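Written out below as structure tokens is the structure these notes cover.
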Protein chains: 2
Amino acid sequence: MAKTVSAPRRQPPYHHGNLAQALVAAGLEMATEGGPEALSLREAARRAGVSPTAAYRHFEDRDALVMAVKVAVLAQLGAALRAATRSRLPSGLDDSERARQRLIGIGRAYVDFAIANPGRYRMIFAEATFPSDRLQGEDGKDAGESPYGILGEVLDQMVVASALDPERRTGAEIPMWALVHGLSSLILEGPYQQLPRREQTALVQSALELVVSGL
Amino acid sequence: MAKTVSAPRRQPPYHHGNLAQALVAAGLEMATEGGPEALSLREAARRAGVSPTAAYRHFEDRDALVMAVKVAVLAQLGAALRAATRSRLPSGLDDSERARQRLIGIGRAYVDFAIANPGRYRMIFAEATFPSDRLQGEDGKDAGESPYGILGEVLDQMVVASALDPERRTGAEIPMWALVHGLSSLILEGPYQQLPRREQTALVQSALELVVSGL
DNA sequence: CCGGATTGTTGACGGTGTAAACATATACGC
DNA sequence: GCGTATATGTTTACACCGTCAACAATCCGG
């Protein structure tokens, strides 16, 4: 009775089913816990309940896994920024001011994401053996929900709402992007880590306003 | 004849003489080649011509060496910024404009350092096991030639030269610091790595002007 | 001159990334 | 339906890494 053969799913099947995805999920966990340097192929395999080198059937090397996790994190950040673009704005603002507030809003959302998820955030800037083999390509042409794409969208809307001179639109993402990333680094690893959250966000707000008003 | 005993310095003496320093130097090399993750205690020992674990007499663990190298890099960056504050400025500028140009100058110098020394630059933001044990302290109270201190000096000079409202002096380093760090990251690992150096520096210049004029 | 403190060495352990050889399940052509 | 190629997972092995403990050489203060 209870033949081993026909017993349904006694122990995990030989084939995992979706190892690649499970490995990325494990990698995401590890990144959350300790950033990019905490990400290990063997540990990921362990967490996926699979032999130490099974990951090599899905990722050429550690860097490949890192990249995959990085992409996943970018998607999460993109979602956070997208959510920020949908948040309610105080009423009684004209279109121009609303567009401006949207921009400041995603800036805040970016830094908030970094503060709330330091490990995952740092994953975004993980390296791939510096002498960069094939850095370009990237293919991410859709960029539909890429953080950078969303920033571009919001800037475009500012132009439409006459909150930004069309002539200054080109390259406008640069100072914004640089600022939010710089702020995040400063708060995460720099001189402002000790500050109470309250003051941190105040500092972020004023820096954002400064740059946005300068655009 | 030629007694082994008295033969002068046939082979390196048992005691290295200045291992700690040599290890930091080796670490600096390795950081130059491949950033923080390329830094290994054993390899540093090897380059210093010493046994694999000798480093432990001078550094508690790998992180300690990383920190030491980080300090060394900060000093180099500080020197670069200091040099920028001494560079000649075009004549015919009033004090206020000169002070402003100084600020832009160290901003450029910061990004230039990052571009010229990506590995060493990234070392500055190397982590020490995120759950940070004793992050504060830092003691670096002198800050004489610390990059952050130099930035503060230049901002103070702007106040003196009436290029910056004293009321806005507090926290003025934040957007500047965030910007130059963000720009560096963007150029090193972000969407602008492919750009010709020429356009990169142009982009840096305009972002700096935008922020400085907004201070 | 001697004995303790510094500094460096040796050997060992568990962890990592990676490659090669092997095993098993799945999928596809006949 | 069968049989085999292919995809996926396992085992074994190697070199490297960080770290610890035990040992050896040198230096320095009494």
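Please read all numbers here as calculations on a predicted model, not as lab measurements. In the text below, chain A, chain B and the rest are named by the order of the sequence lines, each starting its count at 1.
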Exercise for review: Can you tell me the distance, in whole Å, between the CG atom of B/Leu19 and the P atom of D/dA25?
Suggested key: 18 Å

**Study point:** Protein-nucleotide distance (B/Leu41, atom CG; D/dC20, atom P), rounded to Å
**Key:** 11 Å

Review point. Looking only at side chains, do A/Gln157 and A/Arg102 share a donor and an acceptor under 3.5 Å apart?
Key: no

Review point. Going by an N to O cut-off under 4.0 Å, is there a salt bridge joining A/Arg62 and B/Glu37?
Key: no

Point to revise | Side-chain donor/acceptor of B/Arg62 to base of D/dG18, under 3.5 Å | key: no

Practice item. For A/Phe59 and C/dA19, give me the distance from atom CZ to atom C1', rounded to whole Å. Key: 19 Å

Check your understanding: So, does the side chain of A/Arg42 form a donor-acceptor pair with the base of C/dG15 at under 3.5 Å?
Key -> no

Practice item. Write down the distance between CG (B/Asn18) and C1' (C/dT6), rounded to a whole number of angstrom. Key: 14 Å

Review point. Hey, are B/Gln205 and B/Glu209 close enough side-chain-wise for a donor-acceptor pair under 3.5 Å?
Key: yes

Review point. Should B/Lys70 and A/Glu189 count as an ion pair when the cut-off is N to O under 4.0 Å?
Key: no

Exercise for review: Could you tell me the separation between the CG atom of A/Leu39 and the C1' atom of C/dG17, rounded to a whole number of Å?
Suggested key: 13 Å

Practice item. For B/Asp61 and D/dC17, give me the distance from atom CG to atom P, rounded to whole Å. Key: 16 Å

Exercise for review: State which of C/dG17, D/dT10, D/dC17 makes the closest approach to the side chain of A/Tyr56.
Suggested key: C/dG17

Check your understanding: Which nucleotide in the set D/dA21, C/dG8, D/dG9 lies at the smallest distance from any side-chain heavy atom of B/Thr53?
Key -> D/dA21

Check your understanding: At under 4.0 Å, does any side-chain N or O of B/Ser40 touch on OP1 or OP2 of D/dG18?
Key -> yes

Exercise for review: Indicate the atoms forming the closest heavy-atom contact of A/Leu41 with A/Asp61, along with that distance.
Suggested key: CD1-C, 4.1 Å

Revision key, fill the gap. Regarding the side chain of B/Ser51, the nearest nucleotide among D/dT11, C/dT9, D/dG18 is C/dT9

Point to revise | Listed nucleotide nearest any side-chain atom of B/Pro52, set C/dG8, D/dT11, C/dT10 | key: C/dT10

Revision key, fill the gap. In whole angstroms, the gap separating C1' of C/dT18 from NE2 of A/His58 amounts to 16 Å

Check your understanding: Separation of B/Gln21 atom CD from C/dT7 atom P, in whole Å?
Key -> 14 Å

